[in-house]
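Take a look at the structure set out below.
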Number of protein chains: 2
Amino acid sequence: MSTSEIHEEVARRLDQAGQRYTRGRRRLIDTLLSLGRPVTIREIVENEPELAQSSAYRNLDVLQSSGAVRRLPSPGDFDHFELSEPILGHHHHLICLQCGSIADMHLPDEVEEVVDQGLAAAAHDAGFFAVQHSLDLHGYCAGCSAPAN
Amino acid sequence: MSTSEIHEEVARRLDQAGQRYTRGRRRLIDTLLSLGRPVTIREIVENEPELAQSSAYRNLDVLQSSGAVRRLPSPGDFDHFELSEPILGHHHHLICLQCGSIADMHLPDEVEEVVDQGLAAAAHDAGFFAVQHSLDLHGYCAGCSAPAN
DNA sequence: ATTGCGACTGAGAACTATTCTCAATAAGCT
DNA sequence: AGCTTATTGAGAATAGTTCTCAGTCGCAAT
């Protein structure tokens with residue numbers, strides 16, 4: 001999806017939710033696009049100091065409600081935000097236990113199929129209505145090394 | 001693993017970390033065992049009112065550091081705690097988007113194998129040192145129904 | 001263009017889950 | 001039993017996030 005297609009898609013989703021695609025919201029999407037990985041509010045505001053923190057939180061919430069953004073609860077102290085899977089495509093995360101950074105990762109289609117089938121069976125058994133799955137790898141990124149012990 | 005084996009395992013891990021297995025910590029483990037699913041601090045304290053909230057937080061942190069407990073960052077407002085995988089065995093979660101409750105789930109070994117292989121390859125490509133994976137299903141539990149729209 | 005109205009913004013206050021503090025207590029050791 | 005050190009509990013402090021509200025902007029109809 002090209003940048004302009006993404007903006008159109010976001011605009012469509014906001015419109016459907018009765019929301020406007022204002023300058024601040026557009027800038028938020030641009031920032032998420034340019035950083036290209038799940039980021040914290042702090043990173044967003046540092047990259048785009050014109051965005052007020054309170055508006056960033058509010059607008060990320062609006063964008064999440066309309067399905068343009070996903071909020072990732074994080075093991076560290078800060079939640080991370082990324083463009084949603086309908087926009088970015090289905091993917092997974094490499095989460096560093098040391099520095100808390102999150103990188104995107106993709107798995108072969110065969111793996112996804114096996115996972116989907118396994119999860120569908122488990123959901124069915126539990127009377128659970130599945131919306132999406134999350135499959136993340138926790139460990140140490142290239143910049144951080146694993147603890148010595 | 002029987003209840004007494006679990007307590008022995010926890011005691012071993014705490015001892016290794018230079019920590020005591022006190023009454024409060026034992027009660028914490030008992031509570032996690034009896035509830036049998038990831039729970040919030042609030043649920044723990046409500047179930048075992050003799051546990052001070054501040055001590056519960058502190059001890060869950062100690063237990064996590066020694067590898068007896070896992071803390072799950074949650075999409076809602078409260079983190080959840082559960083016994084660690086070395087004790088409970090490898091498993092996954094069904095996370096309800098409505099009520100925030102988390103239930104345990106197991107996948108067939110074949111699925112786990114495929115996932116492990118796929119993740120190992122992805123981690124290798126990214127220069128990432130993997131510790132564990134998390135594979136959770138997000139949706140609506142049997143008690144909550146999916147939104148109408 | 002102009003106007004009108006409701007949605008949006010920004011700065012800070014408020015909220016609340018979690019962590020910290022410290023005097024009192026319990027655990028383990030000799 | 002006595003000593004030493006870790007642990008506890010109640011509340012204060014911290015900090016990420018949400019809320020408030022007066023001022024501003026976007027959009028549509030005139």
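None of these values were measured; they are calculated from a predicted model. Below, chain A is the first sequence line, B the second, and so on; all start at residue 1.
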Polar pair under 3.5 Å, donor/acceptor by atom type, side chain S54(B), base dA10(D):
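Per atom types, the contact qualifies.
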
Would you mind telling me which of dT17(D), dG6(C), dA11(C) lies closest to the side-chain atoms of A52(A)?
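In terms of side-chain proximity for A52(A), the closest of dT17(D), dG6(C), dA11(C) is dA11(C).
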
Could you work out which one of dT17(D), dA27(C), dT18(C) sits closest to the side chain of R23(B)?
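Output: dA27(C).
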
Interatomic distance, [X] [atom1] vs [N] [atom2] [rounded to whole Å]:
| X | N | atom1 | atom2 | result |
| --- | --- | --- | --- | --- |
| L14(A) | dC27(D) | CG | C1' | 15 Å |
| R20(B) | dA6(D) | CZ | P | 7 Å |
| L60(A) | dG16(D) | CG | C1' | 14 Å |
| R25(B) | dG28(C) | CZ | P | 11 Å |
| L63(B) | dT7(D) | CG | C1' | 13 Å |
| Y21(A) | dG26(D) | OH | C1' | 15 Å |
| R27(A) | dG10(C) | CZ | P | 9 Å |
| D79(A) | dT18(C) | CG | P | 12 Å |

Phosphate OP1/OP2 of [N] contacted by [X] side-chain N/O (<4.0 Å):
| X | N | answer |
| --- | --- | --- |
| T22(B) | dT8(D) | yes |
| R71(A) | dT18(D) | yes |
| N59(A) | dT9(C) | yes |
| Y57(A) | dT17(D) | yes |

Classify D61(A) by what it touches in the nucleic acid, base, sugar-phosphate, or nothing, heavy-atom distance under 4.0 Å.
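Result for D61(A) = nothing.
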
Which part of the nucleic acid, if any, lies within reach of R58(B) when heavy atoms closer than 4.0 Å are counted: base, sugar-phosphate only, or nothing?
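Contact class for R58(B): base.
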
Spatial distance of atom [atom1] ([X]) from atom [atom2] ([Y]) [nearest 0.5 Å]:
| X | Y | atom1 | atom2 | value |
| --- | --- | --- | --- | --- |
| R26(A) | H7(A) | CZ | NE2 | 6.5 Å |
| I44(A) | I41(A) | CD1 | CD1 | 5.0 Å |
| H93(B) | H138(B) | NE2 | NE2 | 10.5 Å |

Classify the ring geometry between Y57(B) and F81(B) as parallel (under 30°), tilted (30 to 60°) or perpendicular (over 60°).
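Ring orientation of Y57(B) relative to F81(B): perpendicular.
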
Nearest heavy-atom pair of H133(B) and L119(B): which atoms, and what distance?
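That closest heavy-atom pairing would be CB-CD1, 3.4 Å.
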
When the nearest nucleotide of DNA chain D is assigned to Q19(B) and to Q53(A) on a heavy-atom basis, which residue is associated with the more 5' position?
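Its nearest nucleotide being more 5', the pick is Q19(B).
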
